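Order of appearance sets the numbers: ligands from 1, and atoms from 1 within every ligand. All values below were derived from every heavy atom in this structure, side-chain atoms included, with hydrogens, water molecules and symmetry-related copies excluded. A quick note: this is a predicted structure, and the numbers were derived from the prediction, not measured.
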Amino acid sequence: MMNSSLPDMDGFVDEARTWLEANARARADVAQAWGVGSDDVSVFHDLTEAEEKELLDRLMAWQRRKFDAGYGAITWPHEHGGAGLPAAYERAFVAEEARFETPAGHETFSVTTHLIAPTIRSFGTAEQQDRFIRPLLRTEELCCQLFSEPGAGSDLAGLATRAVPDGDEWVVTGQKVWSSGAQFSAWGLAICRTDPQVTKHAGLTAFLLPMDAPGVDVRPIRQITGGSSFNEVFLDGVRVPDRLRLGGVGDGWKVTLLTLAFERAASGASREERGGSWDRVLGLARHMGATTDPLIRQRLAELYTLDRLRSLSTERLAAAAAANGDGDPGPVGSIGKLQWTAWMSQLSDVVSGLLGSSLTADTGEWGTFSWNAHVLGAPGYRIAGGSDEIQRTIIGERVLGLPPEPRPDRGVPFTQIQR
Ligand SMILES: Cc1cc2nc3c(=O)[nH]c(=O)nc-3n(C[C@H](O)[C@H](O)[C@H](O)COP(=O)(O)OP(=O)(O)OC[C@H]3O[C@@H](n4cnc5c(N)ncnc54)[C@H](O)[C@@H]3O)c2cc1C
């Protein structure tokens, strides 16, 4: 049934197109033309810190323009500067926007707008919502995830970074790792252990930690693909006021689960061609004269099927998230993430088969060696945001209701767990 209070979709799209035409340059239609435009199909940026900062600045400036025009937070309520519209309007805008030249996406940008801002909406006090949500959605400031530690990744609830109360402050000491974009972030959502005497999930608390506070040391990690998207973050007696605690003392695991659910739902939901697209692979197969080979045709058909399934899942997750009211799709988000990483892995296999040695030796030919960055980068997303194995466990236990894995540390105080 039509909701008469909603703007007419065609009118919305026309207005959006007019705004985009006035604010950005139309993209030349290069998606399927072999040899035209950039042949970048990388999953991670291979940029220097200065180049990455420059990319982020352009992206943040573009987001501010969109936000001020009403297109930067389409599904968010008016009180947070959003347009208060259903997800279908956002999808329509994103489809229009894809026809224009806009700055390339960046992980920290989506962490800020799609993971942290909605988490603050669910757990933040009125004061925190007021202080953080609009600036994060408008990307005046970025926020990274300070979750993983050297001894706690899949078993995130086993993390050891301590936050000890001291008056109306907390003193945070420990080490985080793989913190994407920490070098560009004003804030970090840090999960810390505030009570080691209770079970591991119960003793955690979340904080919005200022990254410029004394005692925060961010050290970039060089990746196999060249750039340094993520970092080690050392926290040495960092003082965080209690007003920056997100959620109750001991609620850190609930905060974590919600952020991770947003992360899984966001994985692969972008229409951006990060890591290559179906059109790119088909273009490569045609260029290599391989589309008449029955075995390759079979692999391509499988890949196309995965691509379609993945986009149908994205639609389904968006509908589930909208139905839940707070944008959280729940554990089914793991299905979308797993389909995305399966698509990326299979894509790597198909292009590796097509390219053979051209994948490892750069002959300078357009659209060939560039896939090397895809093949080296794609496995990263089988780990980030919870590995494939962990997604399968979530689907098994929380979607299908299968018997849970044995967990010997269940009910055991953190201090008594063997580590
Ligand atoms: C590109 C990238 C970006 C990231 N960005 C961030 C970030 O911004 N912030 C942040 O906090 N973290 C980030 N991470 C870290 C990420 O969340 C962890 O790497 C991930 O949770 C896995 O943890 P681990 O590396 O400690 O591996 P481990 O937990 O040690 O896992 C090693 C292997 O064992 C398997 N395994 C572990 N436990 C089980 C089990 N119970 N059942 C079956 N198999 C299991 C895993 O699947 C994996 O294959 C990022 C990681 C990557 C790759």
Side-chain angles (χ1 to χ4, degrees), residues 42-46 52 105-116 119 142-161 174-185 187-192 200 204 206-207 209 211 218-235 252-253 255-257 259-264 266-268 274-275 334 337-338 340-342 344-345 373-374 376-398 402-410 419:
S42 62
V43 179
F44 294 101
H45 300 294
D46 176 11
E52 199 164 353
H106 191 283
E107 199 173 25
T108 317
F109 176 89
S110 39
V111 166
T112 300
T113 56
H114 286 87
L115 275 55
I116 310 288
T119 303
L142 298 173
C143 184
C144 63
Q145 271 171 291
L146 299 177
F147 286 19
S148 309
E149 299 184 2
S154 301
D155 181 23
L156 187 58
L159 61 82
T161 292
Q175 187 198 338
K176 299 290 177 178
V177 72
W178 318 125
S179 320
S180 304
Q183 69 272 57
F184 306 113
S185 296
W187 297 94
L189 176 57
I191 313 299
C192 305
K200 62 181 184 179
L204 303 174
F207 297 92
L209 186 138
M211 296 298 285
V218 179
R219 299 186 198 163
I221 300 173
R222 185 101 169 134
Q223 288 163 235
I224 193 173
T225 40
S228 299
S229 299
F230 48 42
N231 304 269
E232 294 178 292
V233 177
F234 295 87
L235 304 163
W253 189 243
V255 175
T256 305
L257 284 184
T259 310
L260 291 176
F262 288 131
E263 180 165 15
R264 283 152 198 170
S267 295
R274 180 167 57 169
S334 293
K337 194 202 171 216
L338 209 48
W340 182 54
T341 54
M344 299 253 277
S345 302
H374 179 282
L376 292 181
Y381 277 106
R382 297 184 61 190
I383 303 168
S387 68
D388 283 359
E389 289 79 10
I390 297 304
Q391 305 307 328
R392 289 198 175 92
T393 300
I394 294 171
I395 294 167
E397 294 183 3
R398 295 178 54 208
L402 298 176
E405 282 199 333
R407 293 190 173 89
D409 55 12
R410 186 183 291 272
R419 306 177 63 237

* Side chain or backbone of Tyr381 under 4.0 Å from ligand 1, or both, or neither, by non-hydrogen atoms? ->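 Looking at Tyr381 and ligand 1, no heavy atom falls under 4.0 Å.
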* **Side chain, backbone, both or neither: the part of Ser387 lying under 4.0 Å from ligand 1 by heavy atom** =>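 The part of Ser387 near ligand 1 is the side chain, not the backbone.
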Could you tell me which atoms of ligand 1, counted from 1 in the order shown, lie closer than 4.0 angstrom to a heavy atom of [X]?
X	value
Phe44	1 (C)
Ile383	19 (O), 20 (C), 22 (C), 53 (C)
Gly385	17 (O)
Phe147	11 (O)

Could you check whether any side-chain N or O of [X] sits under 3.5 Å from a backbone N or O of [Y], counting only pairs where one atom can act as donor and the other as acceptor?
X	Y	result
Glu149	Ala160	yes
Glu52	Gly227	no
Gln391	Gly385	yes
Lys176	Asn231	no

Would [X] count as a polar contact of ligand 1, with the cut-off being nitrogen or oxygen pairs under 3.5 Å?
X	value
Asp155	no
Thr393	no
Ser179	no
Gly380	no
Glu107	no
Gln145	yes

* Asked: When the aromatic ring centroids of Phe109 and Phe184 are compared, is their separation below 6.0 Å?
  ->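 Not close enough - the centres of the two rings lie 6.0 Å or further apart.
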* **Close approach of Glu405 to ligand 1, heavy atoms, under 4.0 angstrom** =>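 The answer is yes: ligand 1 sits under 4.0 Å from a heavy atom of Glu405.
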For [atom], decide whether some protein heavy-atom distance is shorter than 4.0 Å.
atom	value
atom 33 (C) of ligand 1	no
atom 23 (O) of ligand 1	yes
atom 26 (O) of ligand 1	yes

Identity and separation of the nearest protein heavy atom to [atom]:
atom	answer
atom 52 (C) of ligand 1	Ala384 CB, 3.5 Å
atom 40 (C) of ligand 1	Ile390 CD1, 3.9 Å
atom 10 (C) of ligand 1	Ser148 OG, 3.4 Å
atom 44 (N) of ligand 1	Glu389 CB, 3.5 Å
atom 8 (O) of ligand 1	Ser180 N, 2.9 Å
atom 14 (N) of ligand 1	Trp178 CB, 3.3 Å

* Would you indicate whether the side-chain heavy atoms of Ser345 and Arg382 approach each other to under 4.5 Å? => yes
* **Ile394 vs Arg264 side-chain heavy atoms within contact, under 4.5 Å** =>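 The answer is yes, as the side chains (C-beta and beyond) meet within the 4.5 Å cut-off.
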* From Ser42 atom OG to His374 atom NE2, the distance as rounded to the nearest 0.5 Å -> 9.5 Å
* Going from CG on Leu159 to NZ on Lys200, what distance comes out if it is rounded to the nearest 0.5 angstrom? ->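 That separation rounds to 10.0 Å.
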* Closest heavy-atom pair and its distance - Val111, Cys144 -> CG1-CA, 4.3 Å
* Under 3.5 Å, is there a donor-acceptor pair between the His45 and Glu107 side chains? -> no
* Just checking, any donor-acceptor pair under 3.5 angstrom between side chains of Glu263 and Gln145? -> yes
* Mark yes when over 12 heavy atoms from residues, nucleotides or ligands other than Ile221 sit less than 6.0 Å from its CD1; otherwise mark no. => yes
* Asked: Quick check: are there more than 12 heavy atoms from other residues, nucleotides or ligands sitting under 6.0 Å from CZ of Arg410?
  -> no
* Structure fact -> Candidates Ala152, Ser154, Gly153, Pro379; heavy atom nearest atom 28 (P) of ligand 1 found on Ser154
